[in-house]
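Have a look at the structure below before the remarks.
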Amino acid sequence: MIYTVLFLIILAFVIFALRGTKTKKPDTFPKAWKPLLEEHVAFYRELTPEKQTLFENRMMLFLKEVNIEGVQLELQDLDRILVAASSVIPVFGFPEWHYNNLSGVILYPDNFNADNEFDTKQQDRNIMGMIGTGRLEKQMILSKKALYHGFSNANDKSNTAIHEFVHLIDKMDGDTDGVPEYIMQHAYSIPWLNIIHKEIEAIRKNKSDIRSYGGTNQAEFFAVASEYFFENPKQMEKKHPELFRMLQMCFHTKN
Ligand SMILES: [Zn+2]
């Protein structure tokens with residue numbers, strides 16, 4: 001009898017421990033994450049070793065403050081790594097950053113349809129990421145497929161997760177309007193708007209290499225141009241020097 005009880009207690013411990021290691025999010029940066037970051041995140045790869053450590057710490061701070069949840073999927077390490085990296089990349093130029101307007105990221109396996117309770121099996125599933133409103137206030141919804149695709153090619157100037165985090169930065173002053181007053185000095189608003197309008201016009205006339213979705217409105221322009229800026233800064237500097245310098249100032253990336 002006593003052995004049966006002992007056996008059951010040990011079994012319970014083993015099950016608990018196994019469950020714990022499977023889904024628990026780490027408190028300190030796991031060594032095993034480094035090769036994954038090196039492999040998948042070009043931005044991280046190009047940092048000095050000191051800055052890489054800083055980047056890792058910033059990722060851990062984000063993971064402490066924001067809860068990542070998987071729907072219809074079990075969260076993998078790489079899911080957490082790519083979400084956290086996307087959150088750090090646009091604000092890495094700032095010594096400290098807290099996404100006060102975000103409490104959770106909800107990851108879906110595939111693109112989803114916002115009108116249909118995020119049913120990923122619907123035919124019309126075209127949304128890759130979005131910032132929640134109403135009952136989803138302070139939530140970001142992301143498609144895992146789009147998240148991974150964003151990091152699969154560093155030079156395609158597109159990255160869904162960075163796009164959504166830039167919307168959040170834009171929204172920190174209260175309006176998602178393409179003018180990120182929280183990080184941009186007031187004096188630059190008018191020159192910034194002039195650049196936006198010029199670039200949007202070029203997109204609409206099909207005379208720009210900025211993704212056409214950026215021509216939708218000012219907020220989408222800011223998010224799409226920022227994807228380009230973080231994915232392929234060299235090309236942007238060459239093709240859009242004015243826009244490049246403004247984004248450099250905006251994101252504090254100038255050394
Ligand atoms: Zn957008």
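Here, residue 1 is the first one in the sequence, and each next residue gets the next number. Every number for a ligand or one of its atoms is a count from 1 in the order of the listing. Just so it is clear, the structure is predicted and the values come from calculations on it, not from any experiment.
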(message) Tell me if the aromatic rings of Phe43 and Phe151 count as close, with their centers under 6.0 Å from one another.
(response) no

(message) Has Asp170 got a side-chain atom pairing as donor or acceptor with Gly178's backbone, closer than 3.5 angstrom?
(response) yes

(request) Report yes if the distance between the aromatic ring centroids of Phe230 and Phe251 is under 6.0 Å, otherwise no. (result) yes

(message) At less than 2.8 Å, would any N/O/S atom of Glu220, backbone or side chain, sit next to the Zn ion (ligand 1)?
(response) yes

(request) Provide the atom name of the closest N, O or S atom of His163 relative to the Zn ion (ligand 1). (result) NE2

(request) Considering non-hydrogen atoms only, spot the tightest contact between His40 and Arg45 and give its length. (result) N-NH1, 4.3 Å

(request) Would you name the N/O/S atom of His167 that lies closest to the Zn ion (ligand 1)? (result) NE2

